[in-house]
2 protein chains.
Amino acid sequence: MSTTIYDVAAEAGVSMATVSRVVNGNPNVKPATRTKVLDAIQKLEYRPNAVARGLASKRTTTVGVIIPDISSIFFSELARGIEDIATMYKYNIILCNSDNNKEKEIHLVNTLLEKQVDGILFMGGEITEEHAEQLNRSHVPVVLAATFHEDGDFPSVNIDYVQAAKDAVMMLIDKGHERIGMVSGSLEDPVNGYQKFRGYKDALSSKGKEFDESLIAIGDYTYDSAIEAVQQLLSKDNRPSAIFVATDEMALGVIHGLQDQGINVPEDVEVVGFDNTRLATMVRPTLTTVVQPMYDIGAVSMRLLTKYMNKEEVSDGVVVLPHRLEYRNSTKA
Amino acid sequence: MSTTIYDVAAEAGVSMATVSRVVNGNPNVKPATRTKVLDAIQKLEYRPNAVARGLASKRTTTVGVIIPDISSIFFSELARGIEDIATMYKYNIILCNSDNNKEKEIHLVNTLLEKQVDGILFMGGEITEEHAEQLNRSHVPVVLAATFHEDGDFPSVNIDYVQAAKDAVMMLIDKGHERIGMVSGSLEDPVNGYQKFRGYKDALSSKGKEFDESLIAIGDYTYDSAIEAVQQLLSKDNRPSAIFVATDEMALGVIHGLQDQGINVPEDVEVVGFDNTRLATMVRPTLTTVVQPMYDIGAVSMRLLTKYMNKEEVSDGVVVLPHRLEYRNSTKA
DNA sequence: CTGAAAGCGCTAACAA
DNA sequence: TTGTTAGCGCTTTCAG
């Protein structure tokens, strides 16, 4: 069949062990021998079999990545950060979509473990007990990216969602807004729902403002759902003069939903988004938003994972990346 | 270490061969034995080692996917189609970004082949001789998705780009436009550049219209580059009254570039995009565009690949999916 | 229906 | 510096 290490050994007139050494860059090989082997490799177009190597060495240089939905503009950018760093450290990636579905997630973890990945990078809504159990059913390191875990016993990379949301709403309050609306994701969702919602409430209470439930509308992260959510907010008699939106895509929906009703942004209503995806500059007016560095979250989490896979010392496995507000034209100057 | 097929065999009081049969669903096992084995598997929490299996069977149930950039809204949707069908057929995916860089692409093919993938799904600008050679340096099947190959000796899934572009421009001509601009990708780029450009010219000549180079502006597929491209078109004295844009993202740039100059879309200038990404409905006015079914291209190409991997008969390896125009508000009714 | 045994292609001691 | 030799955990004949 295809040429093996034995063929190369025979061609070069050495033992297979020597070929293995050359292939693996082991320095204990006489330069002359190395050359002979390299020539044989080239002549036979030898290509090492990573599967055999993986079986013998118990390292596959492959990591599993579980992501809710790669077609989401948010996660795809995160994935790019992951992949770039993985490549840098010579790892390949097995990419799996979970749709945030718990059964799928657990099934995927198992599949990845069967494939003997050297580590797992997990993105999802939440880590339950069952997740933790399955993830620990093996000794491979796991890093959580943009994912919530109450007990914090997994390494993870996030921003401070509560504080970030609070910052955005505080800014709105400081501009004098009395009624600030929020278009949130499902409150069952730890990150995009609950934590951002909590930041919203924290901001209100820290400024001594009353919370008014009628100012909250729930979307499902799609553009269209946000258009509907905004209608809901507008149908109340006491309209908000500013709206904080949990994601950029929904923020575009909010802006257009407002404009479709003849309401001007930011003159009549100011809008603030969250994420700073590429969408934020692709609307008129351009979107003021909380910057969440997706690419960096991916990159940093992959870097962290490589440290664990190499058994390097890690001082702090729970990393919180900085966030900030990017002011554009959906808020007044 | 971790439990192996031997441990299970011992626990169940059978041979490892029998365990293997049970795990692989081989029907030649007495139900009673099967139950014993299954119990042992459960008790020991046995998880088959896919790497060992791959080495022994020469099948890894893994396919390699080479994609220019997963963070692109276009490719990430394609990737989702690929992944869904792969999952359906029990394959996993190793995802690699190539940035459309020939050296990287060739390197990646080699890496994937080392990892013993059962097949390769390739997306990229173009397949050169060198690509073809590397791809054939192994007997694994290869399918091209949304990728151009002159000689057509690889199976592939595409739409008819020339015809699709031609349809869009014809429509514009039929509406009475005398001067139709185009914002194109680089003409070196076979699909997004050259083919769509050819469709544009074909439409013109089939209607007996003169080609005017000053109506063409080149972008690099980004939103911002399209804004610049539009300035260029507007700076000429004989402005176009309609613009055909090679991708949706650039079309958004064109629309906003126009609006920023106080030009109304579609009243003053009509705009037609290409792809029908989710962006198309996320602008005001919403974008009239050529529908390219990205998800389907991914799904169909993966399905095609599974057929080759299973050595099924394939009647036609070169599939051309239908396209159509979706009329929205960036063109007049 | 079940077991024994020979690999799959490579790494990693251990010797020499 | 190089070779020998066990495995890694599984699939797959081939017997029985």
Is there any salt bridge (charged side-chain N to carboxylate O under 4.0 Å, His left out) pair reaching into residues 20-39 of chain B, and which pairs are they, with sequence neighbours excluded? none
Rounded to whole angstrom units, what separation is found between the CD atom of Gln116(B) and the C1' atom of dC10(D)? 16 Å
Restricting to nitrogen or oxygen on both sides, can you table the protein-nucleotides 1-3 of chain D pairs closer than 3.5 Å?
| unit_1 | atom_1 | unit_2 | atom_2 | d |
| --- | --- | --- | --- | --- |
| dT2(D) | OP1 | Thr33(A) | OG1 | 2.3 |
| dT2(D) | OP2 | Lys30(A) | N | 2.8 |
| dT2(D) | OP2 | Thr33(A) | OG1 | 3.2 |
| dG3(D) | OP2 | Ser15(A) | N | 2.8 |
| dG3(D) | OP2 | Ser15(A) | OG | 3.2 |
| dG3(D) | OP2 | Thr18(A) | OG1 | 2.8 |
| dG3(D) | N7 | Arg21(A) | NH1 | 3.4 |
| dG3(D) | N7 | Arg21(A) | NH2 | 3.4 |
| dG3(D) | O6 | Arg21(A) | NH2 | 2.4 |

Charged N to carboxylate O under 4.0 angstrom, Asp7(B) versus Lys43(B)? no
In short, Glu11(B) meets Ala40(B) closest at the heavy-atom pair CG-CB, 3.5 Å
Without decimals, in angstroms, what is the distance between Arg53(A) CZ and dG9(D) P? 18 Å
Of the options dT11(C), dG9(C), dG9(D), whose atoms approach the side-chain atoms of Asn49(A) most closely? dG9(C)
Just checking Ser20(B): base, sugar-phosphate only, or nothing, at a heavy-atom cut-off of under 4.0 Å? base
Please give, in whole Å, the distance from dG9(D) P to Arg59(A) CZ? 17 Å
Would you mind reading off the distance between Arg47(A) atom CZ and dC10(C) atom P, rounded to a whole angstrom? 11 Å
Atom-to-atom span, CD1 of Ile5(B) to P of dA5(C) - whole angstrom: 17 Å
Do the side-chain N or O atoms of Tyr6(B) get closer than 4.0 angstrom to the phosphate oxygens (OP1, OP2) of dG3(C)? no
Residue-phosphate contact under 4.0 Å: Lys58(B) side-chain N/O, dC10(D) OP1/OP2: no
Let me know which of Phe148(A), Phe154(A), Phe122(A) forms a ring pair (Phe, Tyr, Trp, His ring centres under 6.0 Å) with His131(A). Phe122(A)
Using the salt bridge (charged side-chain N to carboxylate O under 4.0 Å, His left out) rule, collect all pairs that involve residues 107-136 of chain A, keeping only residues at least two apart or in two chains. Lys102(A)-Glu130(A)
Does one side chain, of Tyr221(B) or Asp189(B), offer a donor that lies under 3.5 Å from an acceptor on the other? yes
Please state how far atom CG in Leu44(B) lies from atom C1' in dG9(D), giving the value in whole angstrom units. 15 Å
